[in-house]
Amino acid sequence: MQSLKRTKIVDLIHCTEFGSTVNVKGWVRTRRGSKNVNFIALNDGSTIKNVQIVADVEQFDAEMLKQITTGACLSVVGTLVESQGAGQASEIQATAIEVLGTCDADFPMQKKGQTFEYMRTHAHMRLRTNTFGAVFRIRHNMAMAIHRYFHEHGFFYFHTPIITASDAEGAGQMFQVTTQDLNNLPKTEEGQVDYANDFFGKQASLTVSGQLEGELGATALGAIYTFGPTFRAENSNTPRHLAEFWMIEPEVAFNDITDNMDLAEDFIKYCIRWALENCKDDLEFLNNMVDKTLLERLHFVVNNNFLRLTYTEGIEVLQKAIAEGRKFEFPVTWGTDLSSEHERFLVEEHFKCPIILTDYPKEIKAFYMKQNEDGKTVRAMDVLFPQIGEIIGGSEREESYDKLVARIEELHIPMKDMWWYLDTRKFGTCPHSGFGLGFERLILFVTGMQNIRDVIPFPRTPRSAEF
Ligand code: ATP
Ligand code: MN
């Protein structure tokens, strides 16, 4: 038994070498059967599909068979045979079964049809379910697609720091990093916390975005992307916000806003096409069990152009809808940020396709975005998706040193630690653009899941950091 090499179920289900002896290892999904024969559905995580194990009761020790309960871990040796039953091409006629791990009766993933909310409280064991197996195989595939896309298009994977001492972007929503004794913080003469003797000699935080350093990479290597964790201490308890999430941020020298939109659209379509081609079984499962319109929506996005319009045009559409009787929770006025209900109205009800909104009021966008001639708007772009709302936020960057500094002063942004960022504009500045894609928002879209807590293995949200 030990010398036989284990076959993964993903490889086994396509195998037609009937009569050969195989070894599979995995966890019991179900066991059913009669007095004479047991059918065990075994899953090893390599695919959504189970392999059916057929065990003749009289050939096996009754005590051992009793241990084969949902969740138990088995190693099975047997003969691969053509299946008589419906639903699978092959099955294994067991000759030896070893229980590697019995499963206690209080295994939390035993019952079918448990709510996602319940499963979140057992996030360490929900990985063993069909749905979460599918979600996390797709998540892996999306990460691969992202790296492949950028590699194939001449981008360099650029690692930006996770610990940062600049708070230009994240004022107020950053997690602090310190080694100081919080019960006994040293104070300056003014009564402020004194960071002079802290680990970094100054206040440090977890990054909210790799963009500013990404711009340094782009203005040297030409085209880079980051793909790493980012942290936001915003108290947003929504189905689309995490305190710890992964972000992909391409940044490209010499790209203007139109190039940036083209890149975003091409990139996201590539990722979805990748899922359609490489995650068929998992997508089919999710389409059947979680969201019946999932596949239709994925095909639609791949096959249609994203509509491009300005923020101002978007506001006009919303105000017209309101005039015609459409009700929203939040008011719509030029100059305020769109809320998720507004974004979803535009995408799902009005235009019925993904849209890219551009040229937002400068007051609601970051300081580094390129200012338009009108003095009111900046060359920002948000990609808005059905079910999700904002999936990408980006812009052409302000390349003029003087305009950038003026804006920074206007906004009273603490730039003492950001001299290095301004140097990009001093030493051979150039037009450049980039954007940030929230990885989990992409996974939400591709899987049809409704809550962002269900597309990352171990979600971090306000008041929740279990596992
Ligand atoms: P939102 O308005 O949805 O809060 P944002 O405008 O604050 O997002 P950006 O700073 O533009 O977000 O970040 C770029 C992308 O990162 C967003 O388009 C989104 O996909 C993702 N993102 C932002 N905040 C979060 C979060 N808290 N959790 C998960 N993804 C996020
Ligand atoms: Mn944004």
Side-chain angles (χ1 to χ4, degrees), residues 139 142 146 160 164 167-175 206-212 214-215 225-251 260-261 263-265 267-268 271 306 311 314 330 336-344 346-347 354-358 360-369 378-397 433-447 449-465:
R139 188 179 162 110
M142 288 296 89
I146 287 161
T160 51
T164 170
D167 61 356
E169 265 226 276
Q173 51 170 34
M174 301 183 87
F175 291 100
L206 297 178
T207 187
V208 296
S209 157
Q211 181 200 316
L212 301 184
E215 287 183 49
Y225 69 105
T226 72
F227 187 169
T230 49
F231 308 86
R232 297 195 183 176
E234 53 188 346
N235 198 6
S236 303
N237 245 315
T238 81
R240 283 168 241 303
H241 289 90
L242 291 163
E244 175 181 296
F245 65 99
W246 289 67
M247 188 142 67
I248 297 96
E249 295 179 280
E251 191 73 34
N260 206 29
M261 288 192 276
L263 174 65
E265 182 168 344
F267 164 59
I268 212 161
C271 291
F306 296 6
Y311 165 89
F330 297 101
T336 53
D337 213 352
L338 299 180
S339 62
S340 172
E341 57 168 347
H342 304 138
E343 294 173 345
R344 293 184 62 173
L346 292 174
V347 173
I355 61 181
I356 310 182
L357 276 190
T358 58
Y360 281 71
K362 66 178 181 190
E363 279 74 23
I364 58 171
K365 288 294 179 186
F367 72 91
Y368 48 70
M369 296 190 180
V378 287
R379 240 164 262 183
M381 53 164 246
D382 277 9
V383 180
L384 310 181
F385 256 43
Q387 310 276 321
I388 308 295
E390 180 184 330
I391 194 164
I392 282 178
S395 74
E396 188 170 338
R397 317 304 188 192
S433 301
F435 60 80
L437 166 75
F439 189 47
E440 286 75 18
R441 299 225 181 143
L442 175 67
I443 308 301
L444 270 181
F445 183 74
V446 174
T447 59
M449 298 295 282
Q450 296 293 314
N451 194 310
I452 200 162
R453 293 164 180 80
D454 297 334
V455 296
I456 187 166
F458 307 107
R460 268 84 184 96
T461 53
R463 315 202 66 78
S464 167

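We count residues from 1, following the sequence as given. Every heavy atom of this structure was used, including side-chain atoms; hydrogens, water molecules and symmetry mates were not. Just so you know, ligand 1 is whichever comes first in the structure, and atom 1 is the first atom listed for that ligand.
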**Q.** Set of residues satisfying side-chain contact (heavy atoms from CB on, under 4.5 Å) with respect to Glu234, sequence neighbours excluded
**A.** Gln173, Arg232, Ser236, His241

Q. For Ile391 and ligand 1, does the shortest N/O to N/O distance drop below 3.5 Å?
A. yes

Q: Identify, with sequence neighbours excluded, every residue that meets ring pair (Phe, Tyr, Trp, His ring centres under 6.0 Å) alongside Phe367.
A: none

Q.
Is Glu249 close enough to touch ligand 1? Criterion: a residue heavy atom under 4.0 Å from a ligand atom.
A. no

Q) Relative to each other, are the rings of Tyr311 and Tyr360 parallel, tilted or perpendicular (30° and 60° limits)? A) tilted

(Q) Tell me whether ligand 1 is touched by Arg232 - counting only heavy atoms on the residue side and a distance under 4.0 Å. (A) yes

Q.
Just by distance, no angles: are the side chains of Gln211 and Tyr368 close enough, under 3.5 Å, to form a donor-acceptor pair?
A. yes

**Q.** For ligand 1, the portion of Arg240 having any non-hydrogen atom under 4.0 Å away
**A.** backbone

Q) If you take all heavy atoms of Gly394 and Asn260, which pair is closest and at what distance? A) C-ND2, 4.4 Å

**Q.** Given Glu363, Lys362, Met369, the one that forms side-chain contact (heavy atoms from CB on, under 4.5 Å) with Lys365
**A.** Met369

(Q) Under 4.0 Å from a heavy atom of Gly438: which atoms of ligand 1 are those, numbered in the order shown and with their elements? (A) 15 (C), 16 (O), 20 (O), 21 (C)

Q: Could you tell me whether some N/O pair between Phe245 and ligand 1 is separated by less than 3.5 angstrom?
A: no

**Q.** Selected option - heavy-atom contact closest to atom 17 (C) of ligand 1, from Glu390, Gln173, Glu234
**A.** Glu390

Q: List the atom of Met381, the atom of Ser395, and the distance in Å for their closest heavy-atom pair.
A: CG-N, 4.1 Å

Q. Could a heavy atom of Ile452 be found less than 4.0 Å from some atom of ligand 1?
A. yes

Q.
Can you tell me which portion of Ile392 lies within the under-4.0 Å heavy-atom range of ligand 1? Options are side chain, backbone, both, or neither.
A. backbone

